[in-house]
Amino acid sequence: MNSKTLLYVVKRIGMAILTIFIVVTVTFWFMQLIPGGPFTSEKSVSATTLAALKAKYGLDKPLFVQYLQYLWRTITLDFGPSMKLKGQNVMDIIREGMKYSFPLGVVAAVLAITFGTLLGSIAAVFHGKWIDRLIMIFSTAFIAFPSFIVATLMVYIFVLKLGWAPSNYVTGGTAAFILPAINLSFYPASYITRLARSATLDSLGSDYIITARAKGASKTRILFGHVLKNSLAPTISYSGPMFAGIITGSLVVEQIYSVPGIGASFVKSITNRDYSLIMGTTVVMAGLVVIMTLISDLLYKVVNPRVELE
Amino acid sequence: MKSRKIAILTASALAAIVLSACGKTTKRTFDPSTYAGYECDLNGDGKISDSERGLTWAQSFDTIINTIKSTSDNNQRFKLMHAAEDELMSTGAVTPLYYYTDTFLKKANLTGFYASPLGMKFFEESKWGKSTEIVACIASQPTTIDPHKNSSVDGGTYDSMMFQGLMRWTHDGEYGKEGYAVKVTEGDAKSYTKTANADGTVTYVFTLKDNLKWSDGTSYDAKDYVRSWKRAVNSDTAADYAYLYEVIKGGAEAEVGTTGDELSVSASEDGKTLTVNLVSDVPYFLELMAFPAFYPVPASADVDGKWCAQGTTPVSNGAMKVGAYDSTKIELVKNDQYVDAARVTAAKVTFPFSDDASAMLNSYKTDAYALIDDVPTAEIKNLKASIPDEFFNPGQLGTYYISFNIRSGFADAELDTEEKRTVYRKALGLMVDRNYLVDSVAQNGADPADGFVSKGLTEPDGATDWTKARKPYYSVDPADQTANEAKAVEMMKSIGLNYDESSKKFTNAPGFTYLYNKGAGHQAIGEYLQQVWAKYGIKVTLENQEWATFITTRKEGDCDVARGGWLCDYNDPISMLDMFVSNSGNNDPGFGKAPL
């Protein structure tokens with residue numbers, strides 16, 4: 001790593017810290033604006049109980065003190081106990097959800113990148129032929145279809161009709177994660193297919209490929225040795241945020257397939273007004289996006305040395 | 001000239017502000033805390049005497065609820081509770097729509113299953129076909145399985161199998177078949193005596209069974225009950241159900257204290273007997289003894305609930321104990337140390353967590369689950385017809401209703417007295433076809449409600465249903481709907497609202513906003529109500545809010561009319577009535593409260 005790259009990384013880390021600080025601040029103050037609190041329920045608890053609960057979770061302190069406390073908690077990565085799930089720490093809840101969401105996200109991302117790049121390149125090589133059109137039709141369809149429709153269909157076919165996959169994780173084990181992983185990969189795979197296709201088309205028409213062809217290089221060599229490397233570039237910059245998105249934003253898919261992942265915690269933390277869990281999940285999500293973006297930017301530089309990091 | 005213009009402009013702006021402020025105050029001059037238009041049969045003699053008329057809410061409703069709570073004669077209590085419901089219904093501000101039901105699917109070969117009247121389900125005496133391992137999906141992960149801190153039915157289901165109180169629920173016969181019945185019987189108690197004291201208080205003495213052991217093999221006795229109850233009630237534990245201890249002497253004081261020492265319970269020196277002093281004769285006391293808030297907990301139980309958080313295997317004393325507990329499921333296994341272990345047939349009961357009814361149904365269809373406690377609304381009709389032997393829809397002790405906020409002032413401009421507004425609210429209620437609502441709108445197979453206190457609650461004889469012991473407040477017979485609507489029109493005319501005979505619509509009926517929380521069912525009901533009232537020229541705007549926002553808005557009285565729902569905390573009508581006393585946090589209509 002040269003000094004320029006190092007400086008760039010240090011600068012980006014500084015920016016990441018600033019981003020997370022802004023996220024924490026905005027989330028904290030906006031969170032206070034939503035009506036209701038963690039102890040709001042259909043049946044109101046007595047005034048004594050409410051006061052005891054507020055004292056227990058530090059909600060009786062002035063807001064600014066609470067804000068400083070959250071900043072400190074962000075630094076130490078300890079968001080304290082959840083206000084709704086009694087006796088449980090926020091980090092434990094996140095860790096437990098990640099246990100399922102993270103591997104699921106990794107598998108989906110690998111599937112998406114592999115098939116997306118492959119199909120995109122094939123479509124480009126056979127530009128204008130029927131296979132290109134077929135791939136484009138499918139990739140457009142999977143971008144357009146909401147994931148819950150695809151998921152419901154897949155459950156109906158593979159779980160209920162054919163019985164090939166188990167209906168839930170608790171009784172079915174890890175095999176229950178196959179369908180959701182495939183399902184989760186559809187959208188990013190389709191997106192990557194389109195990215196890879198246009199990048200490959202660009203490369204195929206560029207001067208250095210024409211030169212390579214003129215020099216008599218074989219088609220395979222041109223494709224794998226020159227084109228693919230370049231057509232990967234846009235996929236790489238898309239993959240970072242995509243990965244962060246897949247593991248944190250798969251609530252609908254997780255629910256349909258009964259995957260006990262982190263997706264539900266994001267939504268429930270807000271509907272429950274579980275302040276500490278809201279802060280925890282937000283910081284983790286922001287952190288993931290920031291880190292993944294940084295990694296993909298650095299990788300981008302690796303495959304495309306012409307890029308100047310600034 | 002210029003300065004004069006500015007002065008005029010400023011003055012008119014100020015006037016506008018003052019006027020608009022006035023407009024707001026005139027809109028809300030009605031003061032429910034001083035309004036003396038209520039009447040209530042305070043002595044329960046079936047008649048309203050002169051002294052029982054022209055009362056404020058505090059003088060009437062609050063008084064009768066207090067009398068009920070200190071009355072030992074159960075027959076008299078029920079007369080008073082009927083009188084309290086009469087008064088509540090006379091306000092027209094609480095418009096019941098239907099009595100809740102608990103819809104679930106159960107495989108025909110799941111035997112030995114039973115449920116308590118509060119909806120807690122028991123599997124310890126169950127078998128699934130020949131297997132002693134059962135899988136049932138009740139709900140998503142509960143916020144806690146600490147029996148003292150829990151306030152959900154699903155958490156209560158797990159707790160009731162993991163723990164046992166002085167009393168427990170038992171059953172005769174097979175669920176859903178002829179001869180099936182549930183009742184409370186002795187749990188940890190071998191026997192008990194009940195003594196009525198001269199001052200109206202009551203003393204229970206429970207003699208405990210021998211060989212009571214926690215699941216780790218260590219013994220416990222009456223002293224552990226005393227310790228546990230003190231934990232449950234004191235404010236450090238901050239349990240939602242701490243208020244249930246108010247039936248015990250010193251309960252109310254213990255609830256605000258930090259030790260629970262104020263509670264009048266004591267254990268004998270040898271730990272064999274437990275003495276409990278009650279403020280009055282509480283007819284549902286023995287059922288409370290079978291309720292999770294009164295279960296004993298081990299000495300390791302901390303106030304935060306960490307001792308039984310996910311990932312732990314807490315020590316318990318019931319038929320089952322925790323085998324594994326994570327974010328995906330809770331797995332209960334047979335507790336060999338349990339005092340009545342002979343009655344337990346299940347070796348393992350697994351409860352996967354889910355809050356998606358469609359996902360639950362998929363697992364039920366593929367025979368992965370023996371029971372699911374939620375069914376997608378859209379599938380109810382179909383399932384009821386295709387698997388009638390597996391479809392259950394028993395009543396739950398609770399009511400879905402419309403809550404009119406009497407402090408909102410939405411009808412004040414057109415209807416100048418509370419008497420007129422009361423007539424208007426009742427007319428609005430009569431227009432609703434509750435049969436159509438449950439069959440075609442909510443499609444939940446529930447029973448149309450003709451009063452607020454739920455069906456399923458029984459009279460002191462233990463057999464007559466509460467709703468059969470009183471006259472219906474209005475008819476829910478489908479044949480009477482046309483007459484109900486005609487009556488509603490007449491009532492609205494009688495309070496001076498203009499009815500246009502040609503269009504069959506009122507021209508000046510006060511409109512309002514109907515507030516509900518997000519959810520397909522609530523929305524469908526809201527849209528139906530809007531349509532019904534629009535037929536008579538009443539303009540209703542629908543507003544939906546996300547759950548916690550909705551609850552806050554309704555509690556703060558920042559709405560005209562809102563959907564309401566209430567489930568009993570215990571098997572007694574008072575659980576549905578005392579929520580409306582003036583200072584109750586659940587008195588959403590705002591009876592007896594100061595103006596907003």
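Convention: sequence-line order gives letters A, B, ...; per-chain numbering from 1. Only a predicted model underlies this, so the values are computations on that prediction, with no experimental measurement involved. The analysis underlying the following values was restricted to heavy atoms, covering all of them including side chains, and did not include hydrogens, waters or symmetry mates.
Side-chain N/O atoms of A:Q255 and B:D355 include a donor and acceptor closer than 3.5 Å. Between B:S327 and A:R95, the side chains place no donor N or O within less than 3.5 Å of an acceptor N or O (distance only, hydrogens not considered).
In terms of non-hydrogen atom pairs under 4.5 Å with chain A, the most contact-rich of B:F550, B:Y241, B:W547 is B:W547. Here B:K555 is the residue among B:M579, B:K555, B:K365 with the most heavy-atom pairs under 4.5 Å with chain A. By number of non-hydrogen pairs under 4.5 angstrom with chain B, the leading residue of A:V159, A:L160, A:T40, A:L50 is A:L160. Annotation: maximal heavy-atom pairing with chain A below 4.5 Å, among B:S354, B:G585, B:G564, occurs at B:G585. Interface remark: of the candidates B:D146, B:N150, B:V135, B:I551, B:I551 forms the most heavy-atom pairs closer than 4.5 Å to chain A.
At a 4.5 Å heavy-atom cutoff, the contact between A:T271 and chain B is made by backbone and side-chain atoms alike. Heavy atoms closer than 4.5 Å to chain A are found in both the backbone and the side chain of B:E255. Heavy atoms of B:T237 lying under 4.5 Å from chain A belong exclusively to its backbone. Contacts between B:W566 and chain A at a heavy-atom distance below 4.5 Å involve the side chain alone, from C-beta outward. Of the atoms belonging to B:S363, heavy atoms from both backbone and side chain fall under 4.5 Å from chain A. Of the two parts of A:Y156, neither the backbone nor the side chain holds a non-hydrogen atom closer than 4.5 Å to a non-hydrogen atom of chain B. Heavy atoms closer than 4.5 Å to chain A are found in the side chain of B:T350, but not in its backbone. Using a 4.5 Å cut-off between heavy atoms, B:K149 touches chain A through backbone and side chain atoms alike. Contact of B:F353 with chain A is not made at all, since no heavy-atom distance falls under 4.5 Å. Looking at B:V256, the atoms closer than 4.5 Å to chain A (heavy atoms on both sides) sit in the backbone and in the side chain alike. Of the atoms belonging to B:L567, heavy atoms from both backbone and side chain fall under 4.5 Å from chain A.
Taking the side chain as every heavy atom from C-beta outward, A:I93 and B:Q141 never approach each other to under 4.5 Å. Residues A:L85 and B:T144 have side chains not in contact (no heavy-atom distance under 4.5 Å, counting atoms from C-beta outward).
More than 12 non-hydrogen atoms from other residues, nucleotides or ligands lie less than 6.0 angstrom from OH of B:Y400. The number of heavy atoms from other shown groups lying within 6.0 Å of OH (A:Y67) is above 12. Annotation: A:F145, atom CZ; neighbour count of heavy atoms from other residues, nucleotides and ligands within 6.0 Å does not exceed 12. Within a 6.0 Å sphere centred on CH2 of A:W164, heavy atoms belonging to other residues, nucleotides or ligands number 12 at most.
One finds the OG1 atom of B:T552 at 6.5 Å from the CZ atom of A:R273 (value rounded to the nearest 0.5 Å). Here the CD atom belonging to B:Q310 is positioned 15.0 Å from the NZ atom belonging to A:K86, to the nearest 0.5 angstrom. To the nearest 0.5 Å, the span separating CG on B:D240 from CG on A:L53 amounts to 7.0 Å.
In this structure, B:D326 does not pair ionically with A:K99, as no charged nitrogen and carboxylate oxygen lie closer than 4.0 Å. Ion pairing between A:K56 and B:D236 fails under the 4.0 Å rule for side-chain N and carboxylate O.
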Verdict with reasoning, A:T171 to B:Y369, per side chain to side chain contact (heavy atoms under 4.5 Å, CB included): CA-CA 9 Å; A:T171 59; B:Y369 300 161; 4.1 Å; yes
Criterion side chain to side chain contact (heavy atoms under 4.5 Å, CB included) on B:K329 and A:N168, from CA distance to verdict: CA-CA 11 Å; B:K329 59 162 190 310; A:N168 69 85; over 6 Å; no
Side chain to side chain donor-acceptor pair (under 3.5 Å) between B:T366 and A:S167, intermediate numbers included: CA-CA 7 Å; B:T366 55; A:S167 55; 3.2 Å; yes
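A pairwise comparison of heavy atoms in A:T49 and B:A239 identifies CG2-O, 3.6 Å as the closest pair.
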